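Please read the structure below before turning to the comments.
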Amino acid sequence: MKDSKHPQPFKTLGTHLKYLRERVNESVAEVSGAVEIDDEILERIEQGVERPGEEILMLLISHFNVLDNEAVQIWELAGYDRRLTPDVGMPMQDDTAGKPMIMLLAVDVRAQYTDGVDIQANNAGLTMMFTQHGGQEKGQPVAKVGMSLEQAEVVRKALDHALLHARYSQHPKALPSPRDNKSHKSDSSKS
């Protein structure tokens, strides 16, 4: 869907973002649903007609799991003159101008426990906002997860399987051992 009537000032950026989308085998609808923008906007971004806002670009970079060096290149292709802070994914001022830099990133793999979830769905996919109430009326957001409808079906099946396993594996029901049957029979024959 090329539109040659419009200038394409961000053609290189759009081509790169389209490449990232195709690399993960996702449709325009799946990606736009995951980052919560209209399909038409993502198409215009991929065509190079429209530059994504900083927040949308950060969501796209995160969605595609882009490594830090490539994320900086994408950021610069968009014409933003600041670098990304990899630990929080936000832009920062470039005050290092040519100086070597070492950056340490902490990876947090702890589980986030929740007691609430709000699910919103449309034809492109669904978004789940997990919350923790902790005695408060309004829960605090813990995590937000977006996925295609196909992936949501896979997750639903996995949850069903895990819940069944948890429900029935804690108290295994077993038949009495043969030894118990023999002693029971001998007891009854003595009567």
Side-chain angles (χ1 to χ4, degrees), residues 1-109 112 117-132 138-149 151-152:
M1 185 171 132
K2 288 271 184 198
D3 192 355
S4 58
K5 295 178 184 178
H6 296 291
Q8 298 172 315
F10 301 100
K11 184 171 176 55
T12 306
L13 171 66
T15 301
H16 193 82
L17 291 173
K18 183 176 181 178
Y19 161 76
L20 291 172
R21 177 178 59 78
E22 290 173 344
R23 185 174 71 185
V24 296
N25 295 321
E26 290 186 348
S27 68
V28 168
E30 289 171 320
V31 174
S32 62
V35 298
E36 299 181 348
I37 61 173
D38 290 335
D39 296 359
E40 296 80 21
I41 292 173
L42 182 58
E43 288 174 349
R44 290 177 54 82
I45 290 169
E46 287 186 354
Q47 292 168 0
V49 174
E50 187 172 322
R51 175 173 80 164
E54 290 181 2
E55 184 178 329
I56 297 299
L57 187 56
M58 290 303 305
L59 289 171
L60 288 168
I61 288 170
S62 175
H63 178 76
F64 294 130
N65 294 320
V66 175
L67 299 176
D68 294 339
N69 290 340
E70 188 177 10
V72 171
Q73 291 172 347
I74 292 170
W75 194 257
E76 291 171 351
L77 283 174
Y80 297 119
D81 59 352
R82 295 175 284 171
R83 291 193 181 176
L84 301 178
T85 305
D87 57 340
V88 294
M90 298 301 292
M92 70 176 187
Q93 294 293 355
D94 183 8
D95 57 356
T96 58
K99 298 176 188 173
M101 183 182 354
I102 296 175
M103 198 171 298
L104 300 175
L105 301 176
V107 177
D108 187 357
V109 293
Q112 297 290 325
V117 64
D118 177 39
I119 301 174
Q120 297 180 357
N122 61 30
N123 60 356
L126 62 86
T127 305
M128 297 185 294
M129 175 69 81
F130 295 96
T131 57
Q132 180 67 41
K138 183 175 182 191
Q140 296 296 318
V142 174
K144 185 175 184 177
V145 179
M147 64 188 76
S148 68
L149 294 175
Q151 181 63 24

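Everything numeric here is computed off the predicted structure, so don't read it as measured data.
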For Ser27, all residues meeting side-chain contact (heavy atoms from CB on, under 4.5 Å), sequence neighbours excluded = Ala29, Glu30
By salt bridge (Lys or Arg N to Asp or Glu O under 4.0 Å), Arg21 pairs with (sequence neighbours left out) Glu46
Look up atom CG in Leu13 and atom CD in Glu76, then write down how far apart they are to the nearest 0.5 Å.
-> 12.0 Å
Please output the side-chain donor-acceptor pairs of residues 118-131 that fall under 3.5 Å, not counting sequence neighbours, one pair per line with the distance.
{"from": "Asn122", "atom 1": "OD1", "to": "Ala124", "atom 2": "N", "distance (Å)": "2.8"}
{"from": "Asn122", "atom 1": "OD1", "to": "Gly125", "atom 2": "N", "distance (Å)": "3.1"}
{"from": "Thr127", "atom 1": "OG1", "to": "Glu36", "atom 2": "OE2", "distance (Å)": "3.3"}

Can you tell if the side chain of Phe10 reaches within under 4.5 Å of the side chain of Ile45, non-hydrogen atoms only?
-> no
Quick one: does Arg51's side chain have a donor or acceptor within less than 3.5 Å of a partner on Ala78's backbone?
-> yes
Who pairs with Glu26 by salt bridge (Lys or Arg N to Asp or Glu O under 4.0 Å), at least two apart in sequence or on another chain?
-> none
Residues passing the side-chain hydrogen bond (donor to acceptor under 3.5 Å, both in side chains) test with Glu40, sequence neighbours excluded, are none
Considering only heavy atoms from C-beta outward, does the side chain of Leu20 approach that of Val24 to under 4.5 Å?
-> no
Might you point out which heavy atoms bring Leu42 and Ser32 nearest each other, and give the distance in Å?
-> CD2-N, 3.8 Å
Which heavy atom of Ala71 sits nearest a heavy atom of Val66, and at what distance?
-> N-CG1, 3.4 Å
Would you mind reporting whether Leu59 and His63 have side-chain heavy atoms less than 4.5 Å apart?
-> no
One should read off an interatomic distance between Ile56 CD1 and Glu54 CD, to the nearest 0.5 angstrom, of 11.5 Å
For Lys11, does its backbone N or O pair with a side-chain atom of Thr15 as donor and acceptor, under 3.5 Å?
-> yes
Between CD of Glu50 and CD of Glu43, what distance do you get to the nearest 0.5 Å?
-> 11.5 Å
Here the gap from Thr12 atom OG1 to Leu17 atom CG, rounded to the nearest 0.5 Å, amounts to 11.0 Å
